Amino acid sequence: MEANNALHALMKGPLPMLFFCIGDPVVGNPTEHMVEYAFKALDFPGRYLTCTVTKEELAPALWGLRALGFAGGNVTAPHKQTVLQYLDDLSESALLCKAVNCITRKSDGTYYGDNTDGKGFLQSLTERNLQVKNKKIVILGAGGAASAIAVELVLAKAAEVVLVNRTEERSRTLAKRLSGISSTVISVDRWVGTYTIPSDTEVVVQATSVGLFSPSACVDVAFGPRSNRENSSLIACDVVFNPVQTLFLKRAEEAGCTTVDGLGMLVNQGILGIHQWTGKDAQSEGMRSALEEAFYV
Ligand code: NDP
């Protein structure tokens, strides 16, 4: 009886709003640590749950999340593309990327899909006063992260985006999809052997999965031939966030570049999602620390 009373007391008051992260595999995904930290810091009564959802279970899982009234959440591999068909409305970025990483339940109960990966990347640059408008940018990779970043660069009117991918067909398909959307010129470079970053490049984005969980792995690129002074105006970014200081970033730093790590992108896409869900502005510093702590758990 005493135990029942205690339980009843706990259940009084409004229930917390529920948010999800779905993917497969999601074991070790650190987003929950970052979002729950931010909810607490904002004094927001939300819970964020990480759930393994296989490809076969995606449709029933989404109907279940609707039925349970989840207020939103994140979608990760392998569902970022397939989830589109189950949503009621999509943002411009999601339509252009053909991928969703953030879902929000609107006040009318419908579910809205956005892609905040590329926006989070741009924000990680602007928070350091680094701009992409009118710049020449090389993107290494043509997968989900590269495509989300390329979309935002086109929308932000970068001068030129050069797509460089091991499988050239993928970069050609992406270039075709993004050409003509804005004034941004889209081109494709071949990646045979070591890729030398063209000397007039202003930003280079390492958007392949090389280096993830692997501090000794780096894509096959060379920063020369440029003087150290020329390299100091080159901004080198990595989407890989674990380890934070990748071998690509170490080499870029040695070559004299300004570097931007992938943790900033992860935190900023989180801040954008939390704003869509709660209307509140989360602070990046604590979220960054929460992630770094989670990496060492
Ligand atoms: P995808 O599987 O969609 O794409 C992987 C990309 O990496 C492809 O372009 C692939 O080339 C390339 N690649 C893989 N191995 C090699 C190699 N040995 N040499 C050259 N290129 C290679 O993955 P995502 O785009 O979804 O993810 C990429 C990375 O971005 C991951 O590490 C992920 O964790 C990170 N990420 C970070 C985010 C953040 O917020 N910081 C957000 C989202 C992702 P090919 O086409 O030839 O196979």
Side-chain angles (χ1 to χ4, degrees), residues 21 23-31 33-35 74-83 93-94 97-102 114-125 127 138-152 161-175 188-195 197 204-222 236-249 259-274 284 287-288 290-292 294-295:
C21 175
D24 184 23
V26 280
V27 177
N29 187 305
T31 310
H33 296 269
M34 170 178 79
V35 176
N74 291 118
V75 182
T76 187
H79 307 312
K80 284 186 180 181
Q81 288 82 21
T82 39
V83 77
S93 300
C97 296
K98 294 187 195 291
V100 158
N101 74 322
C102 181
D114 191 9
N115 195 310
T116 55
D117 280 337
K119 292 176 209 167
F121 168 77
L122 278 197
Q123 187 55 31
S124 72
L125 293 183
E127 73 183 0
V138 168
I139 301 181
L140 307 166
S147 146
I149 289 169
V151 162
E152 297 307 327
V161 171
V162 184
L163 300 169
V164 190
N165 193 47
R166 179 179 62 177
T167 311
E168 200 177 315
E169 199 190 327
R170 262 181 118 181
S171 42
R172 292 213 171 275
T173 306
L174 181 58
V188 170
D189 251 4
R190 299 199 72 194
W191 194 345
V192 183
T194 304
Y195 179 74
I197 298 159
V204 56
V205 189
Q206 194 308 102
T208 78
S209 46
V210 177
L212 182 67
F213 305 127
S214 184
S216 60
C218 184
V219 279
D220 193 2
V221 292
C237 317
D238 205 327
V239 299
V240 169
F241 51 80
N242 190 1
V244 181
Q245 184 68 356
T246 59
L247 187 52
F248 173 80
L249 291 180
T259 58
V260 178
D261 64 48
L263 205 54
M265 173 177 170
L266 186 62
V267 168
N268 280 296
Q269 63 80 30
I271 291 176
L272 290 164
I274 289 167
S284 63
M287 289 166 71
R288 211 182 143 95
L291 279 174
E292 280 171 325
F295 292 160

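Starting from 1, each residue takes its place in the sequence as its number. This is a predicted model, so every value here is computed, not measured. Both ligands and their constituent atoms are indexed starting at 1 by order of listing.
Remark: side-chain polar atoms of D261 are paired, donor with acceptor, to backbone N or O of G264 under 3.5 angstrom. Side-chain N or O atoms of N165 include one that pairs as donor or acceptor with a backbone N or O of A142 at under 3.5 Å. In this structure, the side chain of N101 engages the main chain of T116 through a donor-acceptor pair within 3.5 Å. W191 contributes a side-chain N or O that, together with a main-chain N or O of D220, makes up a donor-acceptor pair within less than 3.5 Å. Within the 3.5 Å criterion, the main-chain N or O of I149 finds no donor-acceptor partner in the side chain of E152.
When non-hydrogen atoms are compared, ligand 1 lies under 4.0 Å from the side chain of R170 (C-beta onward) but not from its backbone. Both the backbone and the side chain of T167 come within 4.0 Å of ligand 1, judged by heavy-atom distances. Heavy atoms of L212 found under 4.0 angstrom from ligand 1 belong exclusively to the side chain. When heavy-atom distances to ligand 1 are checked against a 4.0 Å cut-off, L266 comes that close through both its backbone and its side chain. Counting heavy atoms under 4.0 Å from ligand 1, residue V239 touches it through both backbone and side chain.
Side chain to side chain, T246 and D238 meet the donor-acceptor criterion of an N or O pair below 3.5 Å.
At least one heavy atom of A142 lies less than 4.0 angstrom from ligand 1.
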- Message: Could you go through K119 and L122, starting from their C-alpha distance and side-chain angles, then the distance that decides it, and tell me whether this counts as side-chain contact (heavy atoms from CB on, under 4.5 Å)?
- Response: CA-CA 5 Å; K119 292 176 209 167; L122 278 197; 5.7 Å; no

- Message: Go through it in stages, so that I can follow the logic: the residues are Q123 and I271, the test is side-chain contact (heavy atoms from CB on, under 4.5 Å), and I'd like the CA-CA distance, side-chain angles, deciding distance and then a yes or no.
- Response: CA-CA 10 Å; Q123 187 55 31; I271 291 176; over 6 Å; no

- Message: As a quick check of understanding, evaluate side-chain contact (heavy atoms from CB on, under 4.5 Å) for Q206 and V221, giving each step before the final call.
- Response: CA-CA 10 Å; Q206 194 308 102; V221 292; over 6 Å; no

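For a threshold of 3.5 Å applied to N or O pairs, the pair formed by N165 and ligand 1 contains at least one separation below that value. Every N/O-N/O distance between G141 and ligand 1 stays at or above 3.5 Å. Taking any N or O of A207, backbone or side chain, none lies under 3.5 Å from an N or O belonging to ligand 1.
Counting protein heavy atoms under 4.0 angstrom from atom 2 (O) of ligand 1 gives zero. Counting protein heavy atoms under 4.0 angstrom from atom 8 (C) of ligand 1 gives one or more.
Checked against side chain to side chain contact (heavy atoms under 4.5 Å, CB included), D189 has the following partners two or more places apart in sequence or in another chain: V162, V164, Y195, P198. With sequence neighbours left out, the side-chain hydrogen bond (donor to acceptor under 3.5 Å, both in side chains) criterion links D24 to no other residue.
Closest heavy-atom approach to atom 16 (C) of ligand 1 within the set R166, K80, M265: this belongs to R166. The option from T208, D238, I139 that lies nearest to atom 13 (N) of ligand 1, judged by heavy atoms, is T208.
Numbered from 1 in the order shown, with element, the atoms of ligand 1 that lie under 4.0 Å from a heavy atom of V210 read 15 (N), 16 (C), 17 (C), 18 (N), 19 (N), 22 (C). Each of the atoms 3 (O), 4 (O), 9 (O), 25 (O) of ligand 1 lies under 4.0 Å from some heavy atom of G143. Listed by atom number, the atoms of ligand 1 under 4.0 Å from V240 heavy atoms are 32 (O). Taking every heavy atom of A145 and a limit of under 4.0 angstrom, the matching atoms of ligand 1 come to 24 (P), 25 (O), 26 (O), 30 (O), 44 (C).
The heavy-atom pair separating V239 from T208 by the smallest distance is CG2-O, 4.0 Å.
Nearest to atom 23 (O) of ligand 1 among the protein's heavy atoms is G144 N, 4.5 Å. Shortest contact from atom 14 (C) of ligand 1 to any protein heavy atom: S209 OG, 3.5 Å.
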